[in-house]
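In each ligand, atom 1 is the first atom listed, and ligand 1 is the first ligand listed.
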Amino acid sequence: MSPVTHFLTGWMLANSTVLSRRDRALVALSAVVPDIDGLGIVAELFTRNSAHPLLWFSRYHHSLHNLAFAFVVAILAFLLAEDRWKTSAICFLGFHLHLLEDLLGSRGPDGDSWPIPYLRPFSSALNLTWHGQWNPNAWPNFVITFALLGMTFYLAWERGYSSLEMISAGADRAFVSALRKRFQHARV
Ligand SMILES: [Zn+2]
């Protein structure tokens with residue numbers, strides 16, 4: 001699934017309990033971070049017509065989609081969070097939600113299912129796949145993404161903050177007050 005869908009999922013998870021602003025950001029990021037192994041797509045696209053194309057995306061995407069990296073992320077969250085144990089545990093969960101979403105709807109570009117080597121680099125015994133896996137641009141992904149967007153807007157309207165708080169407090173306030181003006185809210 002797309003990084004946007006993963007991010008919105010992480011944001012929902014972050015708002016399913018009481019967390020500080022910093023800890024919410026960590027949880028939201030935990031659901032996106034497995035895809036940093038896909039950044040090789042930039043090199044691959046730039047070099048695809050060259051004499052020596054770099055196949056970093058084809059080769060390395062999904063190489064951080066494993067349990068070992070989930071622990072790395074949980075430890076980083078523990079070190080960076082305010083509410084350490086809780087945030088770290090939720091980040092571990094957020095990471096796995098990402099894997100689940102990929103299993104559901106990230107069929108590979110060539111139409112093959114895209115297995116998740118869950119125990120790598122220690123073992124290649126367990127490759128997670130789901131036979132019903134759909135393409136990243138199939139309709140269920142759009143439905144899920146729109147539903148998550150709707151919930152994101154509702155939460156911003158209801159709680160008075162949105163994921164924009166991760167970038168700018170001012171932009172976040174402006175967004176929430178615009179939302180609350182547009183859709184009458186008791187606490188405008
Ligand atoms: Zn992924």
Side-chain angles (χ1 to χ4, degrees), residues 1-16 19 23-48 53-78 80-81 87-152 163 166-167:
M1 287 193 192
S2 82
V4 174
T5 314
H6 292 310
F7 176 81
L8 294 173
T9 304
W11 182 248
M12 284 305 118
L13 182 63
N15 283 281
S16 62
L19 290 172
D23 293 359
R24 285 198 292 270
L26 290 169
V27 171
L29 291 175
S30 75
V32 188
V33 78
D35 277 348
I36 58 172
D37 63 16
L39 289 178
I41 196 164
V42 179
E44 189 159 326
L45 286 178
F46 269 108
T47 61
R48 68 180 158 175
L54 298 167
L55 299 176
W56 290 352
F57 182 73
S58 311
R59 208 165 282 167
Y60 299 117
H61 189 48
H62 275 189
S63 64
L64 291 179
H65 287 58
N66 57 50
L67 182 61
F69 191 53
F71 276 111
V72 171
V73 168
I75 290 166
L76 282 176
F78 184 84
L80 295 170
T87 304
S88 168
I90 300 174
C91 283
F92 190 75
L93 179 64
F95 187 100
H96 282 84
L97 276 179
H98 178 117
L99 299 190
L100 177 68
E101 288 182 326
D102 277 359
L103 268 185
L104 292 178
S106 288
R107 184 165 282 266
D110 46 8
D112 281 340
S113 72
W114 208 341
I116 291 176
Y118 189 61
L119 298 178
R120 273 227 238 133
F122 304 105
S123 157
S124 49
L126 190 60
N127 275 313
L128 303 175
T129 49
W130 177 51
H131 62 88
Q133 186 182 49
W134 58 78
N135 280 305
N137 56 3
W139 66 265
N141 281 7
F142 288 101
V143 172
I144 292 168
T145 306
F146 275 108
L148 287 168
L149 259 181
M151 286 191 278
T152 299
S163 53
M166 292 170 65
I167 309 161

Legend entry - Angle subtended at the Zn ion (ligand 1) by Asp35 OD1 and Asp102 OD2, rounded to 10 degrees: 170°
Legend entry - Parallel, tilted or perpendicular: rings of His62 and His65 (30°, 60°): tilted
Legend entry - His6 N/O/S atom closer than 2.8 Å to the Zn ion (ligand 1): no
Inset, instruction - Answer yes or no for His98: is there an N/O/S atom below the 2.8 Å cut-off from the Zn ion (ligand 1)? - result: yes
Inset, instruction - Name the orientation class of the two ring planes belonging to Phe71 and Phe92 (parallel below 30°, tilted from 30 to 60°, perpendicular beyond 60°). - result: tilted
Legend entry - Ile41 side chain near Leu45 side chain, heavy-atom distance below 4.5 Å: yes
Inset, instruction - For Leu99 and Leu128, run side-chain contact (heavy atoms from CB on, under 4.5 Å): C-alpha distance rounded to whole Å, both residues' side-chain angles, the deciding distance at 0.1 Å, then the answer. - result: CA-CA 9 Å; Leu99 299 190; Leu128 303 175; 5.6 Å; no
